[in-house]
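The structure under discussion appears below in the form of structure tokens.
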Amino acid sequence: MSSLLVDDIGELVTNVPTTGGGPLGLRRDVALLVEAGRVVWIGPARYAPAADRRIDAGGGAVLPGFVDSHAHLVFAGDRAAEFAARMAGEPYTGGGIRTTVGATRAASDDDLRDTVRRLRDEAMRQGTTTMEIKSGYGLTVADEARSLRIAAEVTPETTFLGAHVVPAEYAGRPDDYVGLVCGPMLTAATPYARWVDVFCERGAFDADHARAILTVGQAAGLGLRLHANQLGPGPGVRLGVELGAASVDHCTHLSDADVDALAGSATTDGPTVATLLPGAEFSTRSPYPDARRLLDAGVTVALATDCNPGSSYTSSMPFCVALAVREMRMTPAEAVWAATAGGARALRRTDVGVLRPGTRADLMILDAPSHLHLAYRPGVPLIRQVLHNGVPQCRL
């Protein structure tokens, strides 16, 4: 069995809390051994075992790979003009989703596949080793199923989002469309999906529709996720907590009751995670979520990119970390944890987002001595090397 030793590590972020290492479990003067795609040993560098291969981290920081738990990569078309209009003062309403739906329906499988792989590779080069991908730009039985089938070629974390918006052909008939989502569309999507999601928001789906879709999806064996409280206050966060969703995402407009519900959430698989998506606020000039308020209340917080063609066309988790620190009152350590271990909790995964014996050898090596540089040097390509399942993916 081939082995790989990573040594000359300036700082190792394990996300395994230790005395003196803080919540990131920081360790120094250590090395890390990988076999069969898993971490098998972490210990003092002077006691490092022999290995078949070696990667010299050059004194750089080593972190778990980013876990991006919210992304929309299966689409066609371009909405740069919409972005320019928002920067000129037009408000974001979510209506541009239908523009992408038309382009996606008209695209070939190969066109969609090329976009997914391009963006997935782009994210990998920036340290993302685990990525959730949603459907939601097909909104027909066939197009939602093919979107998930294509997404499943690059990730096991696929999410059925047939309830993204009500498509034009169902205008004025949302109940009929929800019936389609709960029936034939769910049946076609389930073989390719791990999760089900709903855009519970004004102009999209109300609480009754969201409850119906999530309940049917859960009965079909899918885990629950929810877009909630992005455009204004609403019932989404508390509905997600009530149903035991793994994650409620956006969480921009929260009441005290919403925060209390998240802080008190608990299931056998863990709490409902508040996944914050600062790229969306950056791209829509909307208020940022108050991460400090959530963290101080004891809520589990994740960061994700929301990569999509309309409201957050970024695949960069380092960018989201920097935004979270600058605009959402997170410390650098909190933001790094949320982008790695927090994302793993939002996907209810224990094998990624942390580095300890037995976990997947998904990690990144920075061209910097500390995790602090991810926020300290925004926009700088600091990812020197990425390992996914113990296999080097890129070297910049």
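Counting only N and O atoms by type, the side chains of S316 and T314 include no donor and acceptor under 3.5 Å apart. For the residue pair S69/E132, the side-chain donor-acceptor check at 3.5 Å is not satisfied. Using modelled atom types, one finds no donor on one side chain facing an acceptor on the other under 3.5 Å when comparing D351 with T359. E144 and S135 share a side-chain donor-acceptor pair at under 3.5 Å.
Judged purely by atom type and a 3.5 angstrom limit, D8 has no side-chain atom pairing as donor or acceptor with the backbone of D56. With hydrogens and angles disregarded, no donor-acceptor distance shorter than 3.5 Å links the side chain of R238 to the backbone of L262.
Side chains of P49 and W41 form a contact here, defined as non-hydrogen atoms less than 4.5 Å apart. Within the 4.5 Å cutoff, the side chain of L243 has heavy atoms near those of the R211 side chain. Annotation: side chain of L277 is in contact with side chain of T275 (closest heavy-atom distance under 4.5 Å). A heavy-atom distance below 4.5 Å is not found between the side chains of V273 and V301. L363 has its side chain within reach of L355: a pair of non-hydrogen atoms, C-beta onward, lies under 4.5 Å apart. Inter-residue side-chain proximity for W337 and L24 is flagged as met; some heavy-atom pair is nearer than 4.5 Å. Within the 4.5 Å cutoff, side-chain heavy atoms of Y288 are placed close to those of P278. Taking 4.5 Å as the limit, every side-chain heavy atom of V34 sits out of range of all side-chain heavy atoms of L5.
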Under 3.5 Å donor-acceptor pairs involving side-chain atoms of residues 178-198, not counting sequence neighbours:
{"from": "T187", "atom 1": "OG1", "to": "G183", "atom 2": "O", "distance (Å)": "3.1"}
{"from": "T190", "atom 1": "OG1", "to": "L186", "atom 2": "O", "distance (Å)": "2.7"}
{"from": "R194", "atom 1": "NH1", "to": "E157", "atom 2": "OE1", "distance (Å)": "2.8"}
{"from": "R194", "atom 1": "NH1", "to": "E157", "atom 2": "OE2", "distance (Å)": "2.8"}
{"from": "R194", "atom 1": "NH1", "to": "L347", "atom 2": "O", "distance (Å)": "3.0"}
{"from": "R194", "atom 1": "NH2", "to": "L347", "atom 2": "O", "distance (Å)": "3.4"}
{"from": "W195", "atom 1": "NE1", "to": "E157", "atom 2": "OE1", "distance (Å)": "2.9"}
{"from": "D197", "atom 1": "OD1", "to": "L226", "atom 2": "N", "distance (Å)": "3.3"}
{"from": "D197", "atom 1": "OD1", "to": "H227", "atom 2": "N", "distance (Å)": "3.2"}
{"from": "D197", "atom 1": "OD1", "to": "H227", "atom 2": "ND1", "distance (Å)": "3.2"}
{"from": "D197", "atom 1": "OD2", "to": "K134", "atom 2": "NZ", "distance (Å)": "2.8"}
{"from": "D197", "atom 1": "OD2", "to": "H227", "atom 2": "ND1", "distance (Å)": "3.1"}

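Within the structure, salt bridge (Lys or Arg N to Asp or Glu O under 4.0 Å) contacts touching residues 175-188 (residues at least two apart or in different chains) are R173-D176. Annotation: salt bridge (Lys or Arg N to Asp or Glu O under 4.0 Å) contacts involving residues 261-286, sequence neighbours excluded, are absent. Note on residues 326-347: pairs passing salt bridge (Lys or Arg N to Asp or Glu O under 4.0 Å), not counting sequence neighbours, are D290-R329, R292-E334. Counting only residues at least two apart or in different chains, ring pair (Phe, Tyr, Trp, His ring centres under 6.0 Å) contacts with residues 228-248 are absent. For residues 23-43, every residue pair satisfying the salt bridge (Lys or Arg N to Asp or Glu O under 4.0 Å) rule, not counting sequence neighbours, is listed here: E11-R28. Every pair passing side-chain hydrogen bond (donor to acceptor under 3.5 Å, both in side chains) that includes a residue from residues 58-68 is listed here, sequence neighbours excluded: D68-T305.
Under the salt bridge (Lys or Arg N to Asp or Glu O under 4.0 Å) criterion, D143 pairs with R146, not counting sequence neighbours. For H388, there are no ring pair (Phe, Tyr, Trp, His ring centres under 6.0 Å) partners, not counting sequence neighbours. For R53, the salt bridge (Lys or Arg N to Asp or Glu O under 4.0 Å) test picks out no residue, with sequence neighbours left out. Residues satisfying the salt bridge (Lys or Arg N to Asp or Glu O under 4.0 Å) criterion with D306, sequence neighbours excluded, are absent altogether.
Using cut-offs of 30° and 60° for the angle between ring planes, the Y137 and H72 rings count as tilted.
In summary, R86 and E82 engage in a salt bridge, as defined by a charged side-chain N under 4.0 Å from a carboxylate O.
In this structure, the separation between OH on Y313 and OG on S283 is 12.0 Å, given to the nearest 0.5 Å.
Applying the 6.0 Å contact sphere to OH of Y170 captures more than 12 heavy atoms from other residues, nucleotides or ligands.
Residues C251 and P289 approach most closely at O-CB, 3.7 Å, considering heavy atoms. Taking all atoms of both residues into account, the shortest heavy-atom contact from S315 to E122 is OG-OE2, 2.6 Å. Closest approach of V165 to Y177, counting heavy atoms only: O-CE2, 3.7 Å.
Here V380 sits in one hydrophobic cluster together with L382; the rule is ILVMFWY side chains under 4.5 Å apart, joined directly or through other members.
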